[in-house]
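Since the structure comes first, as structure tokens, the remarks are kept for the end.
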Amino acid sequence: MLNSLFRGTCAAALISAGQMTAAADWSLDAGSSKLAFGSIKKDTVGEVHSFESLTGTVDSAGTVRVAISLPSVETFIDIRNERMIKHVFKGTELAELTAQVDMAALEELPVGDTTLTDVEGTLSLLGREIGVETEMFVARLSERKVMVSTNDMLFLGVEEAGLTEGVDILQTLAKLSGITRTVPVTARLVFETDGETAQAVPVAEEITQVTAVGDPVKGKKVFRKCSACHSLEEGKNGAGPSLHGIVGTASASVEGFKYSGAFQEADLTWSADALAQFLADPKGVVPKNRMAFRGLKKEGDIANLIAYLVQEG
Ligand code: HEC
């Protein structure tokens with residue numbers, strides 16, 4: 001349901017199976033979230049109900065899934081809860097709301113900012129797929145927290161949702177002259193991530209992480225694959241530029257080295273993560289560059305090498 005949301009996949013985790021970075025997955029903070037719906041009986045008595053138990057996730061591809069526990073319905077009258085669970089929801093455990101969101105768009109939403117977005121989703125309820133379309137209000141609460149709420153109200157038709165029979169039974173049991181057949185719904189969903197978003201990990205911190213993971217002694221051996229072309233001495237360029245102090249610096253900034261056009265345009269910062277990606281696949285990360293090296297295939301080698309570059313470079 002949430003469109004243009006959620007900062008995305010940060011760089012693929014290349015080092016030590018994701019110890020450094022993981023694609024940011026988001027999960028629902030149930031305590032701060034609320035899914036409420038209203039009903040009007042006998043034309044005059046309005047009441048608000050909600051579902052007490054929600055769980056949800058947004059994966060790195062931007063698929064949002066919110067599972068609604070139907071037996072957790074709270075109408076503040078016990079017998080009514082029971083009747084609703086039995087006759088309207090027919091003992092079904094879960095309803096699921098799914099939607100696709102644009103992970104890249106949230107990346108651009110600064111902390112403290114808000115935006116409105118149109119969302120299309122699907123509610124799976126009692127074997128039916130019900131399309132829902134609404135405008136949502138999105139607030140980036142912090143780097144790791146996003147709140148999404150209905151901007152106005154969503155209406156769910158009882159008939160369309162296949163709930164007519166159940167609601168008829170409720171109406172008869174409660175001896176009511178009428179219960180509204182369209183249900184206003186509001187939602188406030190708060191999502192959190194533990195994953196490291198790219199913004200959340202400053203280069204310095206990330207480098208500390210990799211030096212904790214990698215072994216510089218082993219990294220020194222890996223560096224033999226580079227030393228034909230690269231030295232660690234400042235100002236000493238060979239076939240490749242000196243790698244003195246390379247970690248944390250801007251790409252193509254070594255003085256006196258003539259870079260290819262590809263590198264001059266690359267505009268990277270050699271964070272540990274960026275280096276890891278480059279060393280795994282140099283031509284993939286900077287296409288058409290002149291470094292005649294296929295790449296390091298072992299993840300451990302990369303972490304060890306970067307630890308060595310940080311220590312010695
Ligand atoms: C056969 C020579 C060769 C080997 C081997 C080689 N490189 Fe390179 N490297 C180069 C060249 C040439 C460039 C510049 C490429 C360009 O300008 O397109 C480069 C560029 C780089 C850069 C970018 C530097 C900057 O200033 O932005 C890094 C980082 C790097 N190499 C790391 C390594 C590491 C680490 C290894 C070993 C695992 C390695 N290279 C192996 C030749 C080599």
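All ligand and atom numbering here is 1-based and tracks the order in the structure.
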Quick one: side chains of residues 291-298, donor-acceptor pairs under 3.5 Å with protein atoms, not counting sequence neighbours, listed by atom name and distance.
{"unit_1": "Lys297", "atom_1": "NZ", "unit_2": "Ala280", "atom_2": "O", "d": "3.1"}

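Ser253 OG to Ile246 CD1: the interatomic distance, rounded to the nearest 0.5 Å, is 6.5 Å.
Taking a cut-off of under 4.0 Å to the non-hydrogen atoms of Ala292, the atoms of ligand 1 that pass are 1 (C). Every atom of ligand 1 is numbered from 1 in the order shown, and the set under 4.0 Å from a heavy atom of Asn289 is 18 (O). Of all atoms in ligand 1, listed by their number and element, those nearer than 4.0 Å to a heavy atom of Lys225 are 5 (C). For ligand 1, the atoms closer than 4.0 angstrom to any heavy atom of Leu305 are 35 (C), 38 (C).
For atom 15 (C) of ligand 1, the nearest non-hydrogen atom from the set Phe278, Phe263, Phe293 comes from Phe263. Between atom 26 (O) of ligand 1 and the options Phe257, Tyr259, Tyr308, the minimum heavy-atom separation is to Tyr259.
Heavy atoms of Leu243 found under 4.0 angstrom from ligand 1 belong exclusively to the side chain. In Ser251, the parts holding a heavy atom less than 4.0 Å from any atom of ligand 1 are both the side chain and the backbone. Contact annotation: for Ala252 versus ligand 1, heavy atoms closer than 4.0 Å belong to the backbone alone. Neither the backbone nor the side chain of Val222 has any atom closer than 4.0 Å to an atom of ligand 1 (non-hydrogen atoms only). Of the heavy atoms in Thr249, none comes closer than 4.0 Å to ligand 1. Using a 4.0 Å cut-off between heavy atoms, Arg290 contacts ligand 1 through both its backbone and its side chain.
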_Checking Thr98 against Arg65 for the side chain to side chain donor-acceptor pair (under 3.5 Å) test, could you report, in this order, the C-alpha distance in whole Å, the side-chain angles of both residues, the deciding distance, and whether it holds?_
CA-CA 5 Å; Thr98 47; Arg65 289 198 175 80; over 6 Å; no
*Go through the steps to decide whether Glu192 and Arg144 satisfy the test salt bridge (Lys or Arg N to Asp or Glu O under 4.0 Å), and finish with yes or no.*
CA-CA 5 Å; Glu192 280 181 315; Arg144 287 152 192 266; over 6 Å; no
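Linking ILVMFWY residues whenever their side-chain heavy atoms come closer than 4.5 Å, directly or via other members, leaves Ile169 and Val167 in distinct clusters.
For the residue pair Ser242/Asn237, the side-chain donor-acceptor check at 3.5 Å is not satisfied.
For Pro241, the closest heavy-atom approach to ligand 1 falls below 4.0 Å. Heavy atoms of Leu275 come nearer than 4.0 angstrom to ligand 1 in at least one pair.
Under 2.8 Å from atom 8 (Fe) of ligand 1 lies no N/O/S atom of Cys226, from backbone or side chain alike.
One finds a salt bridge joining Asp168 and Arg181 here, because a Lys/Arg side-chain nitrogen approaches an Asp/Glu carboxylate oxygen to under 4.0 Å.
Considering both main-chain and side-chain atoms, Trp270 comes within under 3.5 Å of ligand 1 through a nitrogen or oxygen pair. Residue His230 has at least one nitrogen or oxygen atom sitting less than 3.5 Å from a nitrogen or oxygen atom of ligand 1, judged on distance alone. Ligand 1 has no N or O atom lying under 3.5 Å from any N or O atom of Lys258, backbone or side chain.
Put simply, the side chain of Leu28 reaches to within 4.5 Å of the side chain of Leu189, judged on heavy atoms.
Residues satisfying the ring pair (Phe, Tyr, Trp, His ring centres under 6.0 Å) test with His49, not counting sequence neighbours, are Phe37.
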